[in-house]
Amino acid sequence: MSRLDHTFFRRDVLEVAPALLGKRLVRRYDDGREESFLITETEAYRGEEDLACHASKGKTPRTATMYLPGGVLYIYLIYGMYWMMNIVTGTEEDPQAVLIRGIEGFDGPGKLTRRLSIDKSFNAEDLVTSSRIWLEETGLLPSYTTSPRIGVDYAGEKWKNMPWRFKVK
DNA sequence: GTAACGATCCTC
DNA sequence: AGGATCGTTACA
């Protein structure tokens with residue numbers, strides 16, 4: 001199977017987020033067991049100007065990962081108990097990321113990371129070279145719907161209404 | 001130090 | 001509608 005490389009990730013997040021739908025997320029565990037799921041739902045967070053994006057407050061120890069070149073994971077803890085898995089996109093010093101909200105059978109960003117045993121140790125993991133998590137091409141181009149992002153009402157009228165949530169029909 | 005706040009999920 | 005639960009951040 002062909003693994004997605006840097007050219008796929010180093011594009012604008014608004015191209016990559018919908019393009020991730022139907023791609024295969026592969027997880028290889030320490031015991032050699034391997035399993036994979038198709039991605040079903042994503043959300044785009046785009047640059048310091050996007051008030052819903054963590055990088056809107058500038059570069060901090062936590063958000064520094066988002067400033068890396070596209071193709072690495074940005075992992076953070078929310079509400080004290082759920083790890084969120086994001087894929088960094090775009091070029092270096094342009095903070096963008098795609099939140100993975102759903103995979104086959106597991107809707108919800110907190111549920112899928114728990115299912116795949118993803119935690120802080122995956123922060124800045126390179127999807128192009130990692131031996132424990134990566135993405136593969138499937139040739140699928142699922143039709144999808146767009147809608148506003150979840151849980152970002154604090155971001156103000158303009159940004160909370162951006163239709164940057166992408167979900168397979 | 002200290003306090004407030006979440007890109008959530010589950011149970012009532 | 002509300003609680004769990006803690007890293008990150010800003011500010012004193």
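As a basis for the values below, the full set of heavy atoms in this structure was taken, side chains included, without hydrogen atoms, waters or symmetry mates. In what follows, chains carry the letters A, B, and so on, assigned in the order in which the sequence lines appear, proteins first and then strands, with residues in each chain numbered from 1. For clarity, every value in this text was computed on a predicted model and none was experimentally measured.
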Donor-acceptor side-chain pairing of A/Tyr67 and A/Glu48 below 3.5 angstrom
yes
Interatomic distance where OH belongs to A/Tyr74 and P belongs to C/dT8 [whole Å]
9 Å
A/Tyr29 side chain to A/Glu35 side chain, donor-acceptor N/O pair below 3.5 angstrom
yes
Would you kindly give the CG-to-P distance between A/Asp107 and B/dC9, to the nearest whole Å?
9 Å
Among C/dT9, C/dC6, B/dT8, which nucleotide sits nearest the side chain of A/Arg62?
C/dT9
Rounded off to whole Å, could you give me the CD-to-C1' distance for the A/Glu41 and B/dA7 pair?
12 Å
Using atom types as modelled and distance alone, determine if a side-chain donor or acceptor of A/Ser130 lies under 3.5 Å from a backbone N or O of A/Glu125.
no
Carefully, step by step, assess A/Glu137 and A/Lys23 under the rule side-chain contact (heavy atoms from CB on, under 4.5 Å).
CA-CA 6 Å; A/Glu137 181 57 80; A/Lys23 294 294 187 285; 3.4 Å; yes
Figure out the NE2/P separation between A/His54 and B/dC5, and round it to whole Å.
15 Å
Reading DNA chain B 5' to 3', what string of ( ), [ ], | and . shows its pairs, if Watson-Crick and G-U wobble pairs count only when both distances fall under 3.5 Å?
||||||.||||.
Among C/dT8, C/dG7, B/dA7, which nucleotide has an atom closest to any side-chain atom of A/Val152?
B/dA7
Indicate yes or no for a side-chain donor-acceptor contact from A/Ser56 to the backbone of A/Cys53 under 3.5 Å, with no hydrogens or angles considered.
yes
Distance in angstrom units between A/Ile118 CD1 and B/dA7 P, rounded:
20 Å
Can a cation-pi geometry be assigned to A/Arg114 and A/Phe106, taking NZ or CZ under 6.0 Å from the six-membered ring centre and within 45° of the ring axis?
no
Under-4.0 Å side-chain N/O to phosphate OP1/OP2 contact, A/Arg114 with B/dC10
yes
Indicate yes or no: does A/Asp12 engage A/Arg46 in a salt bridge with an N to O separation below 4.0 Å.
yes
Please work out if A/Arg165 contacts a base, only the sugar-phosphate, or nothing of the nucleic acid, heavy-atom cut-off 4.0 Å.
nothing
Between atom OH in A/Tyr45 and atom C1' in B/dG6, what is the gap in whole Å?
12 Å
Residues in contact with DNA chain C, drawn from residues 78-106 of chain A - heavy-atom cutoff 4.0 Å
A/Tyr79, A/Gly80, A/Met81
OP1 or OP2 of C/dT8 under 4.0 Å from side-chain N/O of A/Lys59:
no
